[in-house]
Amino acid sequence: MANTDLYNYILGIADNSLILGQRLGELCGHGPNLETDIALTNISLDLIGQTRSYYQYAASFSEEYKTEDDIAFLRLEREYRNVLLVEQPNTHFGFVIGRQYLFDVYHYMLMDELQNTKDDTLQAIARKCIKEVSYHKRFSGDWLKRLGDGTEESHQKMQEAINGLWRFTNELFELTESEDAMIKAGIGVDVSKMKEHYYAEVSLLLNEATLQVPERKNFTSGGKKGTHTEHFGYILSELQYMQRTFPNMTW
Amino acid sequence: MSEKEVKNMEDIFEARIARDEKIEPKDWMPEKYRQTHIRQISQHAHSEIVGMLPEGNWITRAPSLRRKAALLAKVQDEAGHGLYLYAACETLGITREQMYEQLHTGKAKYSSIFNYPTVTWADIGAIGWLVDGAAIINQVPLCNTSFGPYARAMVRVCKEESFHQRQGFEIMLTLCNGSSEQKAMAQDALNRWWWPSLMMFGPTDAESVHTEQSMKWKLKRKTNDELRQQFIDQTVPQADILGLSIPDPDLKWNEKEGHYDFGAIDWDEFWQVVKGHGPCNKERMDARVSAWENGTWVRDAAMAHAEKKEMKNRKAG
């Protein structure tokens, strides 16, 4: 087993938290009411905290990057491994909730399985994360039901969001080479096996929210291999702004 | 109630305040006491909420993950302060929606300091150090104010503000121990935030219309000028530690008084900003109003869903 595979595997998980945390950070102060504003900021904070744990671990044995911040801020666009779903914009609150829920169900399953990894550090992180993620899933699932089965307008907006985001869901279960290697080593989770369970759970909730479950076709992917959507460069230009403008400084 | 009875109630009320008893929401209180508290507490809540905007402006660009997490946590704290202050204010018989309405129409004010822009990362440090520092001086006495819900909310608010202030100072210290560019960024932020921070204590005592009544109700324990002096005396030595210069050529230690003397505050600027003509008044209000308006369909959906659920439960039950 090469350390590169472990490194890439960790980043594959961590980059999702970073980019979704960054997206949610854009919303702070602009929520539909104070309670949701606080909740979304809190989720963002959890995700950034998780990111730090993963990157600190990755930096501890990386030859290229020495700190969590190097990993977060100094990579090129093609080197980020997050799925396309988490980089999708905050088009409206329905998209924010839809993106969150579609990710949270997957994230919860992943953390649940990752608790059985042979890697002690990842196991410790997963044990901490699952408590946070279980709250995220409850929050996004509850709001999905409210918006789906709320007013006609909210139903239509929520359906629009689900339809728009659906094509990014299959990527969650595609395996990269590093994931394959880590699964063989007893460290990684075989996410491809979670797929049917995922769609069953999501469909159940969409039905409860009186929403149509889109057909499972016309999926798109690329993020896990570093080919992102056109949104991604803009995310990085904000995320990396300070580190790029003032290199090698302590903040 | 007859005039005599009201007078009698007022006497009992004033005696309770004099004995430092807490006034609770269901207790009788003079209408003016109620209105003054609605004005002040809602203004305080609005300041927390509007204050999220200039700081939130740097969340996506925070220079390290640690700073990003701390800033998220801080802005979340401000939202929490807003939440319990709105709740405290609601006990006086006004709804949160009514308070928002007053904010959005300009009837209710918020702290003018948030009408200044955060243009560099150092502004996040300066806000924590100076603005939260000034807020603490304003707010610590309120932990003992006469209205119970406000006093209790302020105990928690002050604890968190004190943490924010230390965090802000630590950002400044890191910048001042850093490169020449970082130090220049810190000095520039101090230059821009110093005078607006002094204005946070409000007009001079001679000009302040609310001070006398507020002192009587223990809604204020010290005058604006006393608090401002306390802030300056406390902050100048901190600037010395940072190695930064306070942008006031008239600032000097007065041995005889045991205080710093300081230069004239530009009150024209203060009133311009209070009247809505500061650098960001329009942007702040636009952001609040559009968050509220864009959120209407979400709040409506939540209400509609709750009603549907209740109907279902009733049928089932």
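Reminder, nothing fancy here: chain letters follow the sequence lines and each chain counts from 1.
- For B:S64, the parts lying under 4.5 angstrom from a heavy atom of chain A are both the backbone and the side chain.
- For the set A:Q240, A:E35, A:E26, the count of heavy-atom pairs under 4.5 angstrom toward chain B peaks at A:E35.
- Interface remark: B:A306 contributes no atoms to any contact with chain A (heavy atom separation under 4.5 Å).
- Within the 4.5 angstrom heavy-atom criterion, atoms from both the backbone and the side chain of A:F93 approach chain B.
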B:R67/A:M242 under side chain to side chain contact (heavy atoms under 4.5 Å, CB included): CA gap, chis, key distance, verdict: CA-CA 12 Å; B:R67 293 295 185 202; A:M242 289 295 287; over 6 Å; no
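- Using a 4.5 Å cut-off between heavy atoms, B:D300 touches chain A through backbone and side chain atoms alike.
- By the 6.0 Å contact criterion, CD on A:E77 is enclosed, its count of non-hydrogen atoms from other residues, nucleotides or ligands being greater than 12.
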Worked check of side chain to side chain contact (heavy atoms under 4.5 Å, CB included) between B:K309 and A:D149: CA-CA 10 Å; B:K309 230 173 142 178; A:D149 190 16; over 6 Å; no
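- Of all residues spanning residues 48-61 of chain B, those with a heavy atom less than 4.5 Å away from chain A's heavy atoms are B:I49, B:M52, B:L53, B:W58, B:I59, B:T60, B:R61, arranged by number.
- Here the straight-line distance linking atom NZ of B:K68 with atom CG of A:L18 works out to 7.0 Å at 0.5 Å rounding.
- Taking the side chain to side chain contact (heavy atoms under 4.5 Å, CB included) definition, one finds that A:D142 meets it with A:R138, A:K145, A:R146, sequence neighbours left out.
- Formation of a donor-acceptor pair under 3.5 Å by the B:Q182 side chain with backbone atoms of A:F246 is not found in this model.
- Residues B:A69 and A:L45 come closest through the heavy atom pair O-CD1, 3.2 Å.
- Contacts of residues 96-125 of chain B with chain A at a heavy-atom distance below 4.5 Å involve B:R96, B:Y100, B:W121, listed in sequence order.
- Annotation: the span from A:T250 atom OG1 to B:N177 atom CG amounts to 10.0 Å, rounded to 0.5 Å.
- Of all the listed residues (B:R66, B:E293, B:E170), the one sharing the greatest number of non-hydrogen pairs under 4.5 Å with chain A is B:R66.
- The greatest number of non-hydrogen atom pairs below 4.5 Å with chain A, out of B:D77, B:L72, B:L71, B:T296, is found for B:L72.
- When all heavy atoms of A:T51 and B:L65 are compared, the pair lying nearest together is CG2-CD1, 4.3 Å.
- For A:I97, no part lies under 4.5 angstrom from a heavy atom of chain B.
- Ranked by heavy-atom pairs shorter than 4.5 Å toward chain B, the options A:E153, A:M158, A:R52 are led by A:R52.
- Within the 4.5 angstrom heavy-atom criterion, no atom of B:M172 approaches chain A.
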Side chain to side chain contact (heavy atoms under 4.5 Å, CB included) evaluation trace for B:V298 with A:N33: CA-CA 9 Å; B:V298 176; A:N33 65 12; over 6 Å; no
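- If you measure heavy-atom distances from B:L175 to chain A, the contacts under 4.5 Å come from the side chain alone.
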From CA spacing to verdict: side chain to side chain contact (heavy atoms under 4.5 Å, CB included), B:N294, A:H92: CA-CA 8 Å; B:N294 293 337; A:H92 60 56; over 6 Å; no
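- Only the side chain of A:Q243 comes within contact range of chain B, with heavy atoms under 4.5 Å apart.
- Heavy atoms from other residues, nucleotides or ligands lying under 6.0 Å from NZ of B:K308 number more than 12.
- Options A:T151, A:I48, A:I38 differ in how many heavy-atom pairs under 4.5 Å they form with chain B, and the most are formed by A:I38.
- With rounding to the nearest 0.5 angstrom, the CD atom of B:E78 is 9.5 Å from the SG atom of A:C28.
- Between B:G295 and A:P32, the shortest heavy-atom distance links the atoms CA-CB, 3.5 Å.
- By a heavy-atom distance cut of under 4.5 Å, B:A287, B:R288 are the residues of residues 278-290 of chain B near chain A, going up by number.
- Contact count versus chain A (heavy atoms, under 4.5 Å) is highest, among B:A62, B:A291, B:A301, for B:A301.
- Other residues, nucleotides and ligands contribute only 12 or fewer heavy atoms inside 6.0 Å of the CZ atom of B:F163.
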